[in-house]
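Below, chains carry the letters A, B, ... as their sequence lines are ordered, and counting in each starts from 1.
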Protein chains: 2
Amino acid sequence: MKEYTHPDLSDVTLSAAMQTLADPARVAILRAVIASDTGEIACNEIPLQLSKATVSHHFESLREAGLIQTRVVGTKCLSSLRREEFEARFPGLLDLVLGEKTGA
Amino acid sequence: MKEYTHPDLSDVTLSAAMQTLADPARVAILRAVIASDTGEIACNEIPLQLSKATVSHHFESLREAGLIQTRVVGTKCLSSLRREEFEARFPGLLDLVLGEKTGA
DNA sequence: TCGAATGTTTGATTTTTGTCGAACAATCTG
DNA sequence: CAGATTGTTCGACAAAAATCAAACATTCGA
């Protein structure tokens, strides 16, 4: 549908990353990505009671924070974690967030 | 001046902690606390161009996130890190934030 | 080619956050 | 006690963030 741009991790500030990860909805999205069979997930497969506009915005936030990358496949766009890159930039942060009990 | 309450770290959510640490001004306060000789610092000793009302609010945020503890000494109140407790609750998080280059 | 599926974008609204000045409260000191 | 010092609290306000519905764009499939 459109071309997505993915920032270089060196351009992502810790504050920005923290802010992005501070929202439970976005963490839920990350969990859903990980829980998927393929490691990729489409916007409409997210288990959240949010409008698709809102979900789209959250995906954009995650993209800008260097947490996910998105590719277009037909009419859908599949997002996956940029785990290694993010880990290299902010060691331990992602595991800390994902390891937490849901809802925390 | 007043009695401060400090939450049990088990009542602090990761989201709340992340949100608190996502603000550069609050991180700057934490750095100032650490850089102090005694490990304690008063509100008015913070190297920030912010009104005392704003600084007071930031201290409150840090307190509610379990990051600092504050005690009253005469007319001033001295705040110090709850480093071990916070570390036990969110391992690695504080070091991640403090290790980052200023301004990030 | 037409309709269905999938997201994005726009415009609007509501909430939350950061900020300040001014008034207030508590405590020390002279 | 009077004044100075140190913070807190109270409005107020602006900026940012989260949210939605509706309109739009793109692509797949029949």
Starting at [atom1] of [X] and ending at [atom2] of [N], how long is that distance when rounded to a whole Å?
X	N	atom1	atom2	value
Ile46(A)	dG7(C)	CD1	P	9 Å
Lys52(A)	dA23(D)	NZ	P	12 Å
Lys76(A)	dT8(C)	NZ	P	13 Å
Arg71(B)	dG7(D)	CZ	C1'	16 Å
Arg26(A)	dA17(D)	CZ	P	9 Å
Leu78(B)	dT5(D)	CG	P	18 Å

Residue pairs, two or more places apart or on separate chains, that pass ring pair (Phe, Tyr, Trp, His ring centres under 6.0 Å) and touch residues 6-45 of chain B: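 For residues 6-45 of chain B: none.
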Contact list for residues 67-88 of chain B, test ring pair (Phe, Tyr, Trp, His ring centres under 6.0 Å), sequence neighbours left out: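 Qualifying pairs: Phe86(B)-Phe90(B).
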Sugar-phosphate only, base, or nothing, as touched by Glu45(A) at under 4.0 Å among non-hydrogen atoms: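 Nothing: the residue Glu45(A), judged by heavy atoms under 4.0 Å, touches no strand.
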Rounded at 0.5 Å granularity, tell me how far [atom1] in [X] sits from [atom2] in [Y].
X	Y	atom1	atom2	answer
Ile68(A)	Ile41(A)	CD1	CD1	10.0 Å
Arg82(B)	Leu62(B)	CZ	CG	12.0 Å
Gln69(B)	Tyr4(B)	CD	OH	13.0 Å

Lys/Arg N to Asp/Glu carboxylate O, Arg83(B) vs Asp95(B), below 4.0 Å: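 Result for this pair is yes, salt bridge flagged.
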Electrostatic pair Glu40(B)-Arg71(B), nearest N-O below 4.0 angstrom: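 Looking at Arg71(B) together with Glu40(B), the answer is yes, because their closest N to O distance falls below 4.0 Å.
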Looking only at side-chain N and O atoms, does [X] come under 4.0 Å of OP1 or OP2 in [N]?
X	N	answer
Asn44(A)	dA5(C)	no
Tyr4(B)	dT8(D)	yes
Thr75(B)	dT27(C)	no

Atom of Ala25(A), atom of Leu48(A) and distance for their closest heavy-atom approach: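 Reported closest heavy-atom pair: O-CD1, 3.6 Å.
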Between the first and last five pairs of the helix from dT1(C)-dA30(D) to dG30(C)-dC1(D), the angle of the axes, rounded to 10 degrees: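 Nearest ten degrees gives 20° for this helix.
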Donor-acceptor side-chain pairing of Arg63(B) and Thr70(B) below 3.5 angstrom: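 Their side chains do contain a donor-acceptor pair, which is all the 3.5 Å distance test asks for.
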Gln19(A) or Gln49(A), whichever maps to the more 5' nucleotide of DNA chain D: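 Its nearest nucleotide being more 5', the pick is Gln19(A).
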Strand contacts (DNA chain D) in residues 54-70 of chain A, 4.0 angstrom heavy-atom criterion: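 Only Thr54(A), His57(A), His58(A) qualify.
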Contacting residues from residues 36-43 of chain B, given that a heavy atom lies under 4.0 angstrom of DNA chain D: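 Here the set is Ala42(B), Cys43(B).
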Listed nucleotide nearest any side-chain atom of Leu50(B), set dG7(D), dG18(C), dT19(C):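 It is dT19(C).
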Selection from dG7(C), dG21(C), dG18(C) that lies nearest to any side-chain heavy atom of Ser51(B):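 Among the listed nucleotides, the one closest to the side chain of Ser51(B) is dG21(C).
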Backbone of Ala42(B) reached by a side-chain donor or acceptor of Glu45(B) within 3.5 Å: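 Side chain of Glu45(B) to backbone of Ala42(B), a donor-acceptor pair under 3.5 Å: yes, one is there.
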Side-chain (Glu87(A)) to main-chain (Gly92(A)) donor-acceptor, under 3.5 angstrom: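 Answer holds: yes.
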Partner set under salt bridge (charged side-chain N to carboxylate O under 4.0 Å, His left out) for Glu64(B), not counting sequence neighbours: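 Listed in chain order: nothing, the list is empty.
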